[in-house]
Amino acid sequence: MDESHQDLGVLEDIDPSLEGGFKIQFNKEINIETRISNANTGPQEIGTLEQIKVKILVQGDQQAFENLKIELTSETDLFFNYIAIIDKENFKKIKEEQKLTIEYPQFLQMLIKLLNSSHKEPNHFFCVFFMQQDGSAKLDFIENLEYKFMEMLTLEFSCATEETIRQNVSFRYNFMKAKLQFVQNKLNDITSLIKLKNPSLLAQLNKVSMNSNQSQTSQNVSKYLGQSRKNNLSKFI
């Protein structure tokens, strides 16, 4: 096994989300509408649809877990990090207030089902995440019944601590760096093999790659110059 591939496995094992014996049960990017709430004006009427990484973890056995943790992070904003931890007592309160008909052991599968429905059927199921300026937030799971929107579930979240965010950003940076190294090593192996078996093909591939890069650079320069002309003209209008 490649050494960089081994590094990926080691990094996955030191994911700070796993601290305390938590195990990942769901890890997927979901389109979630995010809205910022203001104490004076209330939430935004129209939010922003973003791809949010939703990670669900449980502490203990999957069928008899003690705590359930939900983490919301973003690849476009590394410092976006919200957490909800739901134990049996929290769930009891949620069940009573929102009139759920399930017990705590079934809560995990319910969440996974709702998230998968939002991912596969966005016209019928979707999520809205409301963020307060004090760091608190809530996630609404909503079903579109054509004639009305029905809230299926609401969960309270809080912004992660600075230390948790720092650990998470550090982990994701190092993991991506190791992943990039793995891909680079794989590319070097393929390049060496082609060079050995068919040097002319390698030269052709390099030429195509070079032309593609030059074309992209030209497009970027043209776009930049066009924008610069537009900005300069706007000064005289």
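Computed over heavy atoms, backbone and side chain alike; hydrogens, waters and symmetry mates excluded.
Inter-residue side-chain proximity for Ile32 and Val54 is flagged as met; some heavy-atom pair is nearer than 4.5 Å. Counting heavy atoms from C-beta on, the side chains of Lys138 and Leu155 never come closer than 4.5 Å. Looking at heavy atoms from C-beta onward, Thr34 lies out of side-chain contact with Leu49 at the 4.5 angstrom threshold. The shortest side-chain heavy-atom distance between Met110 and Leu100 falls under the 4.5 Å cut-off. Looking at Lys55 and Ile70, their side chains never come closer than 4.5 Å, going by heavy atoms from C-beta outward. Between Val58 and Phe22, the closest side-chain pair of non-hydrogen atoms is not below 4.5 Å. Taking 4.5 Å as the limit, every side-chain heavy atom of Phe182 sits out of range of all side-chain heavy atoms of Lys179. In this structure the side chain of Ile52 never reaches within 4.5 angstrom of the side chain of Ile30, judged on heavy atoms.
Under a 3.5 Å cut-off, the side chain of Lys186 and the backbone N or O of Gln181 do not form any donor-acceptor pair. Judged by distance alone, with hydrogens and angles left aside, the side-chain atoms of Gln98 form a donor-acceptor pair with the main-chain N or O of Thr154 at under 3.5 Å. Although no hydrogens or angles enter the test, the distance criterion places a donor-acceptor pair under 3.5 Å between the side chain of Thr191 and the main chain of Leu187. At distances below 3.5 Å, at least one donor-acceptor pair connects side-chain atoms of Asn144 with backbone N or O atoms of Glu146.
Within 6.0 Å of atom NZ in Lys28, more than 12 heavy atoms from other residues, nucleotides or ligands are found, so the atom counts as buried in its surroundings. Taking a 6.0 Å sphere around CD of Glu75, one finds it holds more than 12 heavy atoms contributed by other residues, nucleotides or ligands.
In this model, no donor atom of one side chain and acceptor atom of the other lie less than 3.5 Å apart for Lys88 and Asn67. A donor-acceptor contact closer than 3.5 angstrom is absent between the side chains of Thr73 and Asn81.
Both Leu108 and Met152 are members of a single hydrophobic cluster when ILVMFWY side chains are connected at heavy-atom separations under 4.5 Å. Hydrophobic clustering, with ILVMFWY side chains joined whenever heavy atoms are under 4.5 angstrom apart, groups Phe65 together with Phe91. In the hydrophobic clustering of this structure, Ile102 groups with Phe26; members are Ile, Leu, Val, Met, Phe, Trp, Tyr whose side-chain heavy atoms approach within less than 4.5 Å, directly or through other members. Note on Leu201: it clusters hydrophobically with Ile190, by side-chain heavy-atom contacts below 4.5 Å among ILVMFWY residues.
Atoms CG and CG, on Asn185 and Asn188 in that order, are 6.0 Å from each other to the nearest 0.5 Å. Going from atom NZ of Lys99 over to atom CD1 of Ile94 covers 14.5 Å, rounded to the nearest 0.5 Å. The OG atom of Ser192 lies 13.0 Å from the NZ atom of Lys197; values are rounded to the nearest 0.5 Å. Taking CZ of Phe125 as the start and NZ of Lys113 as the end, the distance is 8.0 Å to the nearest 0.5 Å. Here the straight-line distance linking atom CG of Asn116 with atom CD of Gln109 works out to 9.5 Å at 0.5 Å rounding. Atom CD of Gln63 is separated from atom CD of Gln106 by 9.5 Å, given to the nearest 0.5 angstrom.
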Run the side-chain donor-acceptor check on residues 157-165: report pairs under 3.5 Å with partners two or more places apart or on a different chain.
residue	atom	partner	partner atom	Å
Thr161	OG1	Thr164	N	3.2
Thr161	OG1	Thr164	OG1	2.9
Glu163	OE1	Arg166	NE	3.2
Glu163	OE2	Arg166	NH2	2.7
Glu163	OE2	Gln167	NE2	3.1

Next on the checklist: With salt bridge (Lys or Arg N to Asp or Glu O under 4.0 Å) as the criterion, how do Lys93 and Glu96 come out once you've worked through the C-alpha distance, each side chain's angles and the decisive distance to 0.1 Å?
Outcome noted: CA-CA 5 Å; Lys93 184 180 178 183; Glu96 290 174 358; over 6 Å; no
Next on the checklist: Using the rule given for side-chain contact (heavy atoms from CB on, under 4.5 Å), can you reason through Leu114 versus Leu153, listing the C-alpha separation, both sets of side-chain angles and the distance that settles it, and then say yes or no?
Outcome noted: CA-CA 9 Å; Leu114 287 172; Leu153 179 68; 4.0 Å; yes
Item to check | side-chain contact (heavy atoms from CB on, under 4.5 Å) between Lys23 and Leu57, intermediate numbers included | outcome: CA-CA 5 Å; Lys23 299 174 184 176; Leu57 310 95; over 6 Å; no
Item to check | Derivation and outcome, salt bridge (Lys or Arg N to Asp or Glu O under 4.0 Å), residues Lys95 and Glu103 | outcome: CA-CA 8 Å; Lys95 180 181 178 180; Glu103 299 301 326; 2.6 Å; yes
Next on the checklist: For a side-chain contact (heavy atoms from CB on, under 4.5 Å) check, start with the C-alpha distance between Cys127 and Ile142, then their side-chain angles and the critical distance, and finish with the verdict.
Outcome noted: CA-CA 6 Å; Cys127 300; Ile142 301 171; over 6 Å; no
Checklist entry - Can you check salt bridge (Lys or Arg N to Asp or Glu O under 4.0 Å) on Lys92 and Asp87, steps first, answer last? => result CA-CA 9 Å; Lys92 190 182 295 184; Asp87 58 18; over 6 Å; no
Item to check | side-chain contact (heavy atoms from CB on, under 4.5 Å) evaluation trace for Phe130 with Ile36 | outcome: CA-CA 6 Å; Phe130 298 91; Ile36 299 174; over 6 Å; no
Next on the checklist: The test is side-chain hydrogen bond (donor to acceptor under 3.5 Å, both in side chains); show your working for Asn168 and Ser170 and say whether it passes.
Outcome noted: CA-CA 5 Å; Asn168 184 268; Ser170 178; over 6 Å; no
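Among all heavy-atom pairs drawn from Ser74 and Gln51, the shortest one is OG-O, 4.3 Å. Nearest heavy-atom pair, Glu156 versus Ala84, reported as atom, atom and distance to 0.1 Å: O-CB, 3.3 Å.
Using a 30° and 60° split on the angle between ring planes, Phe129 and Tyr82 fall in the perpendicular class, above 60°.
Listed by first then second residue, pairs satisfying ring-ring contact (aromatic ring centres under 6.0 Å, His included) with a partner in residues 134-155 read Phe126-Phe149, not counting sequence neighbours.
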